[in-house]
Chemist: 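Have a look at this one before I ask anything.
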Amino acid sequence: MAQVLFLGGLGRSGTTLVERLLGELPGMCALGEIVHLWQRDIRDDERCGCGVRFSACEFWQQVGERAFGGWDNVDVDRVHALRESVERTRHIPRLATATAATAGVREYAAFYSRVYSAAAEVAGARVVIDSSKHSALAHVLRWGEDIDLRVVHVVRDPRGVAYSWTKTVVRPETDGADEMTRYSPGRSALLWNAHNAAFGLLARRGVPVRRIRYEEFLADPRAGLIRLADFAGVPLHPGDLDFLRPDHATLRAGHSAAGNPMRFTVGGLPLRHDDAWVHALPRSQRRLVGAVCGPMLRAYGYPITVASEAR
């Protein structure tokens, strides 16, 4: 049975940073956003986190061989069809019921299970990390027969998330030919509510869920990693966190299948609080996001009004 630590939340909430740091711990292997593996890697042959094309990455070729007898044996059209039919945010209420374990749901989860198990074998890891983030996928995976699922729910102030979604970010894996998706602050606020609420529902269905606030994790990543390793059931020893320094982390190359451009970082990764949104996001947009997300802002311990607006 594959032991999976699933990082969930709305995109631009800091999941890639959390994944990169977790991936440095012994016994843990960071796989990136497996939800995009089928199209971006198997079909489009984009770059692995190690820098080479997916088809040239020895790690992923070994995974494909163990999981499917080679990636050529994966019916990507079937995976896409299953995703359309079962892995959508609108399906979450149904996925949360006791009757959700349909043949399609189990078949879709099995594709992921085979990847997780093979990756754990190839990496010699006790736990694999999937930073796919999608709440609907997490609800599907809880029905996987060969998946020991634990979820880290990463929450970030929605105004910071909204500002990040407005920025233009080039996707390095496409050699500059494509950019990451952008959302308006209003749309990102609605998505922030929906996805975070979905992870709350997942916890109420008995899945082990540990919620962390990105800002608190970044303020003390050492303590945060110790708590998450304990949640994942991975024992740490003196020296396992030596890659952390007060203002940066020293990272090795990884094999992230997809995700934020940070997945390509090797060497020093600055660890600093990103609060540019406080001044860069227009006040009207900050207030809009605050109004839309008000109830959940309070529930997660964020202020409704930022300090600059209180004066």
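Count residues from 1 along the sequence. Note: hydrogens, waters and symmetry copies are ignored here, and every other heavy atom, side chains too, is used.
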Chemist: Return all side-chain donor-acceptor pairs below 3.5 angstrom for residues 146-153, not counting sequence neighbours, or 'none' if the list is empty.
Modeler:
residue : atom : partner : partner atom : Å
Arg150  : NH1  : Phe231  : O            : 2.8
Arg150  : NH1  : Ala232  : O            : 3.3
His153  : NE2  : Asn196  : OD1          : 2.8

Chemist: Could you tell me whether the side chains of Gln3 and Tyr116 share a donor-acceptor contact shorter than 3.5 Å?
Modeler: no
Chemist: Throw together a table of side-chain donor-acceptor distances under 3.5 angstrom for residues 25-36, partners on residues two or more places apart or in other chains.
Modeler:
residue : atom : partner : partner atom : Å
Glu33   : OE1  : His36   : NE2          : 3.4
Glu33   : OE2  : Lys133  : NZ           : 2.3

Chemist: Please answer whether the main-chain N or O of Arg252 pairs with a side-chain N or O of Arg20 as donor and acceptor at a distance below 3.5 Å.
Modeler: yes
Chemist: Any cation-pi pair here, Arg213 with Tyr302, using under 6.0 Å and within 45°?
Modeler: yes
Chemist: Got a sec, which residues hit side chain to side chain contact (heavy atoms under 4.5 Å, CB included) with Ala280, two or more places apart in sequence or on another chain?
Modeler: Tyr163
Chemist: Under the side chain to side chain donor-acceptor pair (under 3.5 Å) rule, what pairs show up with a residue in residues 224-245, not counting sequence neighbours?
Modeler: none
Chemist: Residues two or more places apart in sequence or in another chain: which of them pass side chain to side chain contact (heavy atoms under 4.5 Å, CB included) with Ala138?
Modeler: Phe6, Phe199, Leu202
Chemist: Let me have the donor-acceptor pairs involving side chains of residues 88-95, under 3.5 Å, with sequence neighbours excluded, atom names and distances please.
Modeler:
residue : atom : partner : partner atom : Å
Arg88   : NH2  : Glu84   : OE1          : 3.4
Arg88   : NH2  : Glu84   : OE2          : 2.4
His91   : ND1  : Arg94   : NH2          : 3.4
His91   : NE2  : Ser85   : O            : 3.3

Chemist: Mind jotting down which residue pairs meet the ring pair (Phe, Tyr, Trp, His ring centres under 6.0 Å) criterion with at least one end in residues 245-272? Sequence neighbours excluded, please.
Modeler: Phe59-His255
Chemist: Any chance CG of Asp72 has more than 12 other-residue heavy atoms, nucleotides or ligands included, within less than 6.0 Å?
Modeler: no
Chemist: Is a side-chain donor-acceptor pair under 3.5 Å present for Glu58 with Gln62?
Modeler: yes
Chemist: Say whether, by atom type as modelled, one donor and one acceptor occur between the side chain of Asp45 and the main chain of Arg53 under 3.5 angstrom.
Modeler: no
Chemist: Suppose we screen for salt bridge (charged side-chain N to carboxylate O under 4.0 Å, His left out). Which residues come up paired with Arg222, at least two apart in sequence or across chains?
Modeler: none
Chemist: Who are the side chain to side chain contact (heavy atoms under 4.5 Å, CB included) partners of Thr99, not counting sequence neighbours?
Modeler: Thr97
Chemist: Quick one: hydrophobic cluster around Leu288, which other residues, with the 4.5 Å side-chain cut-off, linked directly or via members?
Modeler: Leu190, Val292
Chemist: Let me have the donor-acceptor pairs involving side chains of residues 267-275, under 3.5 Å, with sequence neighbours excluded, atom names and distances please.
Modeler:
residue : atom : partner : partner atom : Å
Asp274  : OD1  : Ala276  : N            : 3.4

Chemist: Would you mind listing every side chain to side chain donor-acceptor pair (under 3.5 Å) that reaches into residues 134-143, with sequence neighbours excluded?
Modeler: Glu87-His134, Ser135-His195
Chemist: Can you confirm if the aromatic rings of Tyr300 and Trp192 lie within a centre distance of less than 6.0 Å?
Modeler: yes
